[in-house]
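Please read the structure below before turning to the comments.
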Amino acid sequence: MSSNEHSTFKIAFNLAAACFISGIVIGSVYFVTAPVAAQKAEEMKQESMKSLVPEAEHFTEVAGHEGWFAAEKGGKAIAYIVPSESKGYGGKIKMLVAVTADSKVIDFSILEHNETPGLGDNAQKPEFRQMFAGKGADKLEVTKDPANKENIQAMTGATISSRAVTKGVREAVEAVAAYKAEGGAK
């Protein structure tokens, strides 16, 4: 065996050993941190839902509806947390929408978006979100008429984002109304 073949073999062996050891270290770190990360993610989800429906005592998953939770108080569903998604100016807008048991908006939380800073991302601000509170699906339409107080006022310079968020919220309200009409939990 020449010294070049021996050197190539030695380099390959060292590289394989380094990869094996690195894999063991990464696997060990994941094994230790994965349960902590999962617990932290669950806590953040519970906090997010609690901020949407503060009077709820606890949240339970709604069978047959992925990502849905019933906000319960006194053993009764007082609201539903429903994931929703629509297409805005900058792409997908993902949100959680809190809807009362009688299909009215409580609040919503935007989880992910790529809207223009200072324009479309203003949908997260309380001034815009408060316009949705207490509205049913029939009132969830965007308007540019300042005299129209029944519907949702478009954000200045961000009509597409306004419509996208409103559409996502309206779809969540309609989904809860359909669920209740089908005989969903009382």
Side-chain angles (χ1 to χ4, degrees), residues 16-88 90-117 120-135 161 164-180 182-186:
C19 289
F20 180 73
I21 292 169
S22 297
I24 289 174
V25 169
I26 291 170
S28 300
V29 168
Y30 177 78
F31 181 76
V32 170
T33 61
V36 174
Q39 180 182 358
K40 186 66 177 169
E42 181 62 27
E43 287 172 7
M44 288 174 61
K45 181 172 64 172
Q46 291 290 328
E47 287 173 18
S48 178
M49 290 190 296
K50 188 72 174 166
S51 73
L52 290 172
V53 188
E55 64 274 11
E57 294 168 348
H58 63 280
F59 301 90
T60 58
E61 291 185 46
V62 176
H65 292 80
E66 187 176 342
W68 282 41
F69 288 85
E72 297 179 345
K73 183 175 183 179
K76 182 180 170 190
I78 58 170
Y80 296 91
I81 308 290
V82 179
S84 188
E85 183 178 300
S86 64
K87 187 177 184 312
K92 289 181 185 176
I93 299 174
K94 294 182 179 184
M95 60 189 98
L96 283 179
V97 183
V99 181
T100 64
D102 62 343
S103 305
K104 304 274 192 247
V105 178
I106 297 172
D107 198 358
F108 65 90
S109 173
I110 295 178
L111 304 174
E112 182 181 315
H113 73 86
N114 289 315
E115 300 305 285
T116 308
D121 74 340
N122 287 337
Q124 301 178 94
K125 293 191 175 177
E127 299 82 34
F128 184 71
R129 290 187 7 241
Q130 289 169 353
M131 286 190 276
F132 291 79
K135 290 190 178 3
S161 300
V165 169
T166 302
K167 178 181 182 276
V169 172
R170 183 178 56 249
E171 288 173 354
V173 171
E174 290 169 347
V176 169
Y179 173 70
K180 296 299 284 181
E182 293 169 0
K186 307 290 182 237

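It should be emphasised that the depicted structure is a prediction, and the values quoted were computed from it without experimental measurement.
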Discussion item. Does anything in residues 94-107 form a salt bridge (Lys or Arg N to Asp or Glu O under 4.0 Å)? List the pairs, not counting sequence neighbours.
Written reply: Asp107-Arg129
Discussion item. Could you work out, with side chain to side chain donor-acceptor pair (under 3.5 Å) as the rule, every residue matching Lys135, not counting sequence neighbours?
Written reply: none
Discussion item. Suppose we screen for side chain to side chain donor-acceptor pair (under 3.5 Å). Which residues come up paired with Thr166, at least two apart in sequence or across chains?
Written reply: none
Worksheet entry | Straight-line distance of Ile93 CD1 to His113 NE2, nearest 0.5 Å | 8.0 Å
Discussion item. So, taking the atom named CE in Met95 and the one named CD1 in Ile110, what distance separates them when rounded to the nearest 0.5 Å?
Written reply: 5.5 Å
Practice prompt. List for me each residue that meets ring pair (Phe, Tyr, Trp, His ring centres under 6.0 Å) alongside Phe132, sequence neighbours excluded, and say none if there are none.
Written response: Phe108, Phe128
Worksheet item: Looking at side-chain heavy atoms only, is the closest gap between Ser48 and Leu96 below 4.5 Å?
Response: yes
Discussion item. The criterion is salt bridge (Lys or Arg N to Asp or Glu O under 4.0 Å); which residues satisfy it with Lys92, sequence neighbours excluded?
Written reply: Glu85
Item to complete: Hey, could you give me each pair passing salt bridge (Lys or Arg N to Asp or Glu O under 4.0 Å) that has a residue in residues 51-69? Not counting sequence neighbours.
Response: none
Fill in: Set of residues satisfying side chain to side chain contact (heavy atoms under 4.5 Å, CB included) with respect to Ala98, sequence neighbours excluded
Leu52, Val53, Ile81, Ile106
In a table with atom names and distances, give each donor-acceptor pair under 3.5 Å that connects a side chain of residues 26-41 to protein atoms at least two apart or in another chain.
from: Ser28; atom 1: OG; to: Ile24; atom 2: O; distance (Å): 2.8
from: Thr33; atom 1: OG1; to: Val29; atom 2: O; distance (Å): 2.9
from: Gln39; atom 1: NE2; to: Glu43; atom 2: OE2; distance (Å): 3.3

Practice prompt. Please report the shortest heavy-atom distance between Gly88 and Ala164, naming the atom on each side.
Written response: CA-CB, 3.6 Å
Discussion item. Applying side chain to side chain contact (heavy atoms under 4.5 Å, CB included), can you list everything that pairs with Ala70, at least two apart in sequence or on another chain?
Written reply: Thr60, Val62, Glu72, Ala77, Tyr80
Fill in: All ring pair (Phe, Tyr, Trp, His ring centres under 6.0 Å) counterparts of His58, not counting sequence neighbours
none
Worksheet item: Between Lys87 and Gly91, is there a donor-acceptor pair closer than 3.5 Å when you use the side chain of the first and the backbone of the second?
Response: no
